[in-house]
> 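Quick one: the structure is below, and I'll ask about it shortly.
Below, read A as the first sequence line, B as the second, and so on, with proteins coming before strands; counting in each chain starts at 1.
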Number of protein chains: 2
Amino acid sequence: MDAPGNWLVATDTLLLAAQLVDAIQEGVARRGFADVRPAHGFAFVCISGGDATIADVGEYLGITKQAAAQLVRQLEERGYVTRRPHPLDARASLLGLTARGAACTRAAEEAAADAVERWRAQLGAARFGHLQQALRAVVRPGPLRPAW
Amino acid sequence: MDAPGNWLVATDTLLLAAQLVDAIQEGVARRGFADVRPAHGFAFVCISGGDATIADVGEYLGITKQAAAQLVRQLEERGYVTRRPHPLDARASLLGLTARGAACTRAAEEAAADAVERWRAQLGAARFGHLQQALRAVVRPGPLRPAW
DNA sequence: GAAAAGTAGACAGTTTGCTTGTCTAAATAG
DNA sequence: CTATTTAGACAAGCAAACTGTCTACTTTTC
C-alpha cells in the first residue's frame with residue numbers, strides 16, 4: 001500500500017513545478033517584465049480569453065472577488081490591463097490586455113517553452129512524449145491556483 | 001522553436017502540482033493535523049534530517065531567518081517541534097520533531113502516496129513507470145521551496 | 001590573549017496578498 | 001412594481017513574509 005516510490009514521485013513533482021515557476025519568473029523578468037508575479041500570468045490567461053470580468057478572474061484563480069479586484073487594479077496601474085464598460089451590464093467591466101500585457105503573456109509562454117524544451121532535450125522525443133501523455137492523463141482540469 | 005505543446009506541458013505540470021498540494025493538505029487535515037500548512041511539512045523534512053537549526057530551516061525553505069524563526073515558534077507552540085541547546089554553540093538551538101511531528105510527517109507521506117497511487121491506477125504500471133523515470137530525469141535536486 | 005569581525009537568533013515595525021463584512025447601484029425574477 | 005441577486009468598491013483585519021536593529025556568543029586575526 002505504501003509504495004516507497006510514491007513519495008519520491010510526489011516530491012519530484014513538487015520540486016519540478018517549483019523549478020518551472022522559478023524559470024518562468026526569471027525568464028519573464030529577463031524579457032523586461034519584472035513587476036509581475038506568477039498569479040498575474042495566470043490572470044492574463046483568463047483575461048486574454050476575451051470578455052472576462054473581475055469576478056471571472058477571481059473564480060479562475062480561486063480567490064475572492066475583492067482579491068481579484070485588487071490584482072486587476074495593480075495590473076491596470078502597471079499598464080497590462082484595460083477596462084471598458086460592459087455593453088450589456090452597467091455594473092460590470094470587461095477586461096482586456098494592452099499591448100504590453102499581450103507581450104508579457106508571450107514572454108511567459110516563451111519562458112515556459114524554453115524550460116520545457118530543456119526537458120525534451122534531456123529526455124529525448126520518445127520519453128518526452130510519454131511524459132506529456134502521462135501528465136495529460138492524470139491532471140484534472142481546474143483552476144490554476146497559486147496554491148501553497 | 002515555439003513548440004505549441006510545451007506551454008500545455010508547463011500548465012499541466014503546474015496544475016498537477018497544485019492539485020497534489022491540495023490533496024496532501026486535505027489528507028493531512030483528515031488525519032488529524034489541521035493546523036499545518038504545506039511549508040510546515042517541508043520544514044519537517046529538513047528538521048527530521050536531524051541537527052537542523054533555525055537558520056538551516058530558513059535556508060532550506062528559501063526564506064529569511066526571521067521568517068523561519070516565526071515558523072519554528074509556531075510549530076513549537078503546536079507541539080510538533082522541540083528545541084534543545086546546541087552542544088557546541090551556545091547561541092544556536094538544535095531542532096527535532098516530537099512524536100506528533102513525526103506522526104504528522106508520516107501522515108503527509110501517506111496522503112502524498114495516496115494521491116500518487118491514483119496516478120498509478122489511472123496510468124497503469126508501465127506508463128506510471130515512464131512518468132516516474134521522466135520526473136527523476138528532468139528534476140534537479142534542490143530545496144523544496146513553497147514557491148509562487 | 002585581546003580586539004575585531006562574523007553569526008544565531010530575538011524583537012520591532014512594515015509591506016503585501018489575501019480574507020470577511022458591508023455597502024451601492026444595477027440587473028433580474030416574481 | 002417589489003424582492004432578490006449580482007458586480008464591484010470600500011474598509012478593516014489577519015498572517016506570512018520582509019528589513020532593520022540588537023544582544024550574546026564564536027571565530028578570526030594580530
> dC18(C), OP1 or OP2 - any side-chain N/O from T64(A) closer than 4.0 Å?
no
> I would like to know whether R37(B) and L71(B) meet side chain to side chain contact (heavy atoms under 4.5 Å, CB included); could you show each step before the answer?
CA-CA 10 Å; R37(B) 292 179 298 121; L71(B) 193 150; 4.1 Å; yes
> Rounded to whole angstrom units, what separation is found between the CG atom of L61(B) and the P atom of dC18(D)?
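Result: 10 Å.
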> Quick check on the hydrophobic clustering: are L8(B) and V21(A) connected, directly or via other members, by side-chain heavy-atom contacts under 4.5 Å?
no
> What are the two closest non-hydrogen atoms of A111(B) and A23(B), and how far apart are they?
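Looking at all heavy atoms of both residues, the shortest contact is CB-O, 4.4 Å.
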> Rounded to whole angstroms, how far apart are CD on E77(A) and P on dG17(C)?
12 Å
> On a plain distance test, is the side chain of Q66(A) in donor-acceptor contact with the base of dG17(C) below 3.5 Å?
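Between dG17(C) and Q66(A), which were checked side chain against base, a qualifying N/O pair under 3.5 Å is absent.
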> Could you give the NZ-to-P distance, from K65(B) to dG6(C), as a whole number of Å?
14 Å
> Is there a path from V9(B) to V45(A) through hydrophobic residues (I, L, V, M, F, W, Y) whose side chains come within less than 4.5 Å of each other?
yes
> What's the CD1-C1' distance between I63(B) and dG9(C), to the nearest Å?
14 Å
> Establish whether L94(B) and L97(B) are linked, either directly or via other cluster members, by ILVMFWY side-chain heavy-atom contacts under 4.5 Å.
no
> Does R136(A) use its side chain to pair, donor to acceptor, with the backbone of Q132(A) at less than 3.5 Å?
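Checking the backbone N and O of Q132(A) against the side chain of R136(A), no donor-acceptor pair under 3.5 Å is found.
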> What parts of residues 89-97 of chain A reach DNA chain D, counting only heavy atoms under 4.0 Å away?
R91(A), A92(A), S93(A)
> Among dT19(D), dT20(C), dG17(C), which is the nearest nucleotide to the side chain of R37(A)?
dG17(C)
> Can a salt bridge be assigned to the pair D114(B) and R31(B) using a cut-off of 4.0 Å between side-chain N and carboxylate O?
yes
> Tell me, which of residues 67-75 of chain A have any heavy atom that sits under 4.0 Å from an atom in DNA chain C?
A67(A), Q70(A), Q74(A)
> Roughly how bent is the helix from dG1(C)-dC30(D) to dG30(C)-dC1(D) end to end, in steps of 10 degrees, with each end axis from five pairs?
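Inter-axis angle at the ends, rounded: 20°.
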> Is there a donor-acceptor pair under 3.5 Å between the side chain of E76(A) and the backbone N or O of R83(A)?
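Judged by distance alone, no pair lies under 3.5 Å.
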> List the atom of V28(B), the atom of C104(B), and the distance in Å for their closest heavy-atom pair.
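Closest heavy-atom pair between V28(B) and C104(B): CG1-SG, 4.2 Å.
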> For residues 98-108 of chain B, which residue pairs qualify under side-chain hydrogen bond (donor to acceptor under 3.5 Å, both in side chains), counting only residues two or more places apart or in two chains?
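Qualifying pairs: Y80(B)-R100(B).
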> Assess the residue pair R120(A) and N6(B) against the criterion (side chain to side chain contact (heavy atoms under 4.5 Å, CB included)); give the C-alpha distance rounded to whole Å, side-chain angles, the decisive distance to 0.1 Å, and a yes or no.
CA-CA 9 Å; R120(A) 189 197 302 269; N6(B) 281 8; 2.8 Å; yes
> Which residue pairs satisfy the side-chain hydrogen bond (donor to acceptor under 3.5 Å, both in side chains) criterion with at least one member in residues 46-66 of chain A, sequence neighbours excluded?
D51(A)-R84(A), T53(A)-D56(A)
> Output the residues of residues 44-59 of chain B in contact with DNA chain C, where contact means a heavy atom of the residue under 4.0 Å from an atom of the strand; sort by number or write none.
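Nucleic-acid contacts, sorted: T53(B), I54(B), A55(B).
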> Between F128(B) and V116(B), does a side chain to side chain contact (heavy atoms under 4.5 Å, CB included) hold up when you go through it step by step?
CA-CA 10 Å; F128(B) 180 81; V116(B) 173; 3.6 Å; yes
